Asks: 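The structure follows.
All values derive from a computational prediction rather than experimental measurement. Just so it is clear: chains get the letters A, B, ... in the order the sequence lines come, proteins before strands, and each one is counted from 1.
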Amino acid sequence: MSDAAEAIREVRITLPDGAVRAYPAGVTGAGIAESLSKSLSKAAIAATVNGRLTDLSQPITENSAVAIHTIRDEEIALGLIRHDAAHIMARAVQELWPDVKVTIGPVIENGWYYDFDRAEPFTTEDLALIEKKMREIIALRDPVTTEVWDRDRAVRHYEALNEPYKVELVGMIPEGQPIRMYWHGHWQDLCRGPHLAHTGQVPADAFKLMSVAGAYWRGDSDRPMLQRIYGTAFRTKDDLKAHLFRLEEAAKRDHRKLGREMKLFHMQEEAPGMVFWHPEGWTLYRALEDYMRRRLRHAGYKEIRTPQVVDRKLWEASGHWEAYQEHMFLVEVEEEAAKEKRVNALKPMNCPCHVQVYNQGLKSYRDLPLRLAEFGACHRYEPSGSMHGLMRVRGFTQDDAHIFCTEDQIESECAAFIALLSSVYKDLGFEKFDIKLSTRPEVRIGSDETWDKVEGALENAILQVGAPYQVDPGEGAFYGPKLDFKLTDAIGREWQCGTFQVDAQLPERLGAEYVGEDGDKHRPYMLHRAILGSFERFTGVLIEHYAGRFPLWLAPRQVVVAPIVSQANDYADQVVMALRAKGVRAEADLRNEKINYKVREHSLAKVPVILAVGAREVEERTVSIRRLGEQRTEERPVDLAMADLIAEATPPDLARTA
RNA sequence: GCCGCGUUAGCUCAGCUGGUAGAGCAGCGCUCUUGUAAAGCGAAGGUCGUGGGUUCAAAUCCCUCACGCGGCACCA
């Protein structure tokens, strides 16, 4: 085709408002923006062409629907800003330290990271240097340009630059996919894009480098450890400030900090990953445990208790020894003292023990479903770097239960479980949760027919309850599909707590059976299920969800009665005694301190209710009620106030049946 | 487990390039009898995580280990 012929070819561009305009073929998003208005041309950051987000510099060669984006298109702008900030950071790093090797730098929630290979560790001072250099690059307003190269040229290019990670990345790009090379000014990176039009479109005052961390190359612990720098970026300085403020607020509800401040628990180096519960914390834990015990009992579960220390023979039989031996705490008796040599393990899970209980005595189909529950204390030798306050510990207690049932009973058991879990989460203050259904993996036991039935049972159960869910194909265990339940906390974070897992394997390995209607022996299914997961972790989630300001029924300290003058001490004691008689966790603060002091101290300790009593209250048989976080007080007759507090302190399940 | 950083009084933290430790709050004692987020005064409190090394001298520099923190990997 001649140049002249090319020039007269036209493409029809449909704009978001429906207008159709003709442009010469090969027109770019930038060109279209320029034709529409000067201001749009300046503000444009990218374009969507036929539903695909692209650079403004991409030529458009066929009739297309085109939308030009500016920084006002929040989702698109944030993605591009963070993406380009990652490139600008990598460029800044290489300009400061030319020997640093670059790898990858994707956009993540709230920001981006970029992994570097550098002999020297990055310091926090380095981050400030990099930020400064990034602002310089942004000020250059270097245009972003792109070319598609063939594979060999790209490989040679990166070999010449001594960028081995990029060579590897080029090799990973599937055949037939274009290899896009990008430039920010003179600096070059391998990237599929899209990008902003120039570096100046990253707001210089709305990004921040957050932290440095180690990360394995391609997430593989057998490969080199790189240095990862995390950054965050927004469209405006105020958005960045708001984000940093949210991080500070989240840090304030850190359960480790609140745990110390509210005297809930502590941990120490003689027992890493193990919790020392203090009186206040144990009160909270017990409120939760007592509640769960009642809920399980009412749902038809039988509570049992099984041993902590069990011979390795059982773990060999269950298959855990082979797979998880190095994560088990071993318990041995001194050879001289022991009559026989045995190797025991602290139980890492309850299920093999539960099968032992099931296996005692012959079971009939009439016994099924049999729901065995245990608040089972388990120990796992977790990797040292994985521990995190109460969220990941080595000694924990599950709200564990195993349901032994027939295949036909799976669906109704699953539906009943979801209903129970949903009610429990609601009582504990979590309105929203999501379900993930993990289905058959490549490598599995059992026939496809069985998998069809069991997966169908789980899906039907979910539909029955009407809960939102998504399917995660291939993510199930080799012995059965499972459901994971993720709840959302007060600040939008998700926590996977509940689980429901179908197991056809363990009953087989440990020889569980029942006599059916037909008089023959059959293998029961075993359903592993938990609602809270572990009490330790769930307590941590509760602390963070409520930021330590628990609803009255969960609060470790519910009511403090604080006399204003010592003449009110006897009256305060009477009120405390009356509340305690009704099960309310009340205490009197008879210290010789001003009421201001007492109010401040108990407020900081997050006691939900302070009852102040002075001469007037004694005289009139009233109390002055002050709620945590409120300035105002309310004076009420003591009997009425106590009746309301007693009602409010009643756990929700008991309140429903009262 | 891996990378980086950290560990000083009960808590929060100072302590620069080496000269054997400071503050606020809490706790303790005394005074104050108090009206809704800190009354006043006083005395006390630390083998500077562990073990080793360098040095005339180490909280400070080097090494080891432990634990913690931020990630990565792992999470039956």
Asks: Determine the Euclidean distance between corresponding P atoms of B:A57 and B:U64; express it in Å to zero decimal places.
Replies: 23 Å
Asks: Could you check whether A:Leu226 gets within reach of a base, just the sugar-phosphate, or nothing at all, counting any heavy atom under 4.0 Å?
Replies: nothing
Asks: Checking all strands, does A:Ala615 fall into the base, sugar-phosphate, or nothing category for heavy-atom contacts under 4.0 angstrom?
Replies: base
Asks: Using the C1' atom as the point on both nucleotides, what is the distance between B:G53 and B:A58, in whole Å?
Replies: 11 Å
Asks: Between B:A59 and B:G52, how many Å separate the two P atoms, rounded to a whole number?
Replies: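 My reading of the P atoms in B:A59 and B:G52 gives 14 Å.
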Asks: How long is the line joining NZ of A:Lys606 and P of B:A37, in whole Å?
Replies: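 Value for this atom pair: 16 Å.
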Asks: Base of B:U36, side chain of A:Thr633 - is there a donor-acceptor contact under 3.5 Å?
Replies: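 A donor-acceptor contact between them is absent.
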Asks: Output the rounded distance in Å from CZ (A:Arg591) to C1' (B:G27).
Replies: 12 Å
Asks: Please tell me which of the listed nucleotides, B:A37, B:G35, B:G4, lies nearest to the side chain of A:Val599?
Replies: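 Out of B:A37, B:G35, B:G4, the nucleotide with an atom closest to A:Val599's side chain is B:A37.
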Asks: Using a 4.0 Å heavy-atom cut-off to protein, can you give one letter per nucleotide of nucleotides 66-76 of chain B, 5' to 3': B if the base is in contact, S if only the sugar-phosphate is, - if neither?
Replies: SS-SBBBBBBB
Asks: Relative to each other, are the rings of A:Phe430 and A:Tyr546 parallel, tilted or perpendicular (30° and 60° limits)?
Replies: tilted
Asks: For the residue pair A:Trp112 and A:Phe207, categorise the inter-ring angle as parallel (less than 30°), tilted (30 to 60°) or perpendicular (more than 60°).
Replies: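 A:Trp112 and A:Phe207: tilted rings.
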Asks: Counting heavy atoms from C-beta on, name the nucleotide in B:U33, B:U36, B:A39 closest to the side chain of A:Glu593.
Replies: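 Closest of the options to the side chain of A:Glu593: B:A39.
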Asks: Does a side-chain N-to-carboxylate-O contact under 4.0 Å join A:Arg529 and A:Glu413?
Replies: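 No.
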Asks: Using the C1' atom on both, measure B:G15 against B:G46 and round to a whole Å.
Replies: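 Approximately 14 Å lies between the C1' atom of B:G15 and that of B:G46.
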Asks: In whole angstrom, give me the gap between the C1' atoms of B:A37 and B:C25.
Replies: 15 Å
Asks: How many angstroms lie between atom CG of A:Leu129 and atom OG1 of A:Thr124, to the nearest 0.5 angstrom?
Replies: 10.5 Å
Asks: Taking the six-membered ring for Trp and the full ring for Phe, Tyr or His, determine whether the centres of A:Tyr425 and A:Phe485 are under 6.0 Å apart.
Replies: no
Asks: Report which part of the nucleic acid A:Glu617 touches: base, sugar-phosphate, or nothing (heavy-atom distance under 4.0 Å, all strands).
Replies: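 Base, at least one base heavy atom under 4.0 Å.
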Asks: Round to the nearest Å and state the distance from A:Tyr597 atom OH to B:A38 atom P.
Replies: 11 Å
Asks: Please report the distance separating the C1' of B:A26 from the corresponding atom of B:A43, rounded so that it comes out in whole Å.
Replies: 16 Å
Asks: Expressed in angstrom and rounded to an integer, what is the separation of A:Tyr114 atom OH from B:C3 atom P?
Replies: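 My rounded result for the distance is 23 Å.
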Asks: Starting at atom NZ of A:Lys257, determine the distance to atom C1' of B:C13, rounded to an integer number of angstrom.
Replies: 13 Å
Asks: Roughly how many Å is it from CD in A:Glu634 to P in B:U36, rounded to a whole number?
Replies: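 It works out to 17 Å between those atoms.
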Asks: Give a yes/no answer on whether the side chain of A:Gln631 brings an N or O atom under 4.0 Å of OP1 or OP2 in B:A37.
Replies: yes
Asks: Taking it one step at a time, do A:Lys606 and A:Glu280 satisfy salt bridge (Lys or Arg N to Asp or Glu O under 4.0 Å)?
Replies: CA-CA 12 Å; A:Lys606 302 188 166 59; A:Glu280 318 291 9; over 6 Å; no
Asks: Scan side-chain atoms only and decide if A:Thr439 and A:Glu455 contain a donor-acceptor pair under the 3.5 Å cut-off.
Replies: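 The criterion, which ignores hydrogens and geometry beyond distance, is not satisfied for A:Glu455 and A:Thr439.
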Asks: Whole angstroms only, please: what is the CD-C1' distance between A:Gln227 and B:G4?
Replies: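 It works out to 8 Å between those atoms.
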Asks: For B:C32 versus B:A39, give the span between their C1' atoms, rounded off to a whole number of Å.
Replies: 7 Å
Asks: Scan A:Ala323 against the nucleic acid and name what it touches under 4.0 Å (heavy atoms): base, sugar-phosphate only, or nothing.
Replies: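 Answer is nothing: A:Ala323 stays at 4.0 Å or more from every strand.
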Asks: Taking A:Glu648 first and then A:Arg627, would you say they form a salt bridge - that is, a charged N and a carboxylate O separated by under 4.0 Å?
Replies: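 So A:Glu648 pairs with A:Arg627 through a salt bridge.
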Asks: What's the spacing between A:Thr232 OG1 and A:Glu109 CD if we round to 0.5 Å?
Replies: 10.0 Å
Asks: What stems involve RNA chain B, if each pair must be Watson-Crick or G-U and both of its distances must be under 3.5 Å, with 3 or more such pairs in a row?
Replies: B:1-7 with B:66-72, B:10-13 with B:22-25, B:28-31 with B:39-42, B:51-53 with B:61-63
Asks: Taking atom C1' in both B:G4 and B:A14, what distance in whole Å separates the two?
Replies: 24 Å
Asks: Validate the cation-pi geometry between A:Arg260 and A:Phe265: distance from NZ or CZ to the six-membered ring centre under 6.0 Å, angle to the ring axis within 45°.
Replies: no
Asks: What's the closest nucleotide to the A:Arg260 side chain, out of B:C11, B:G27, B:U33?
Replies: B:C11
Asks: Could you state the CG-P distance from A:Leu604 to B:C11, rounded to the nearest angstrom?
Replies: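 The answer, rounded to whole Å, is 18 Å.
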Asks: What orientation do A:Trp97 and A:Phe122 show, parallel under 30°, tilted 30 to 60°, or perpendicular over 60°?
Replies: perpendicular
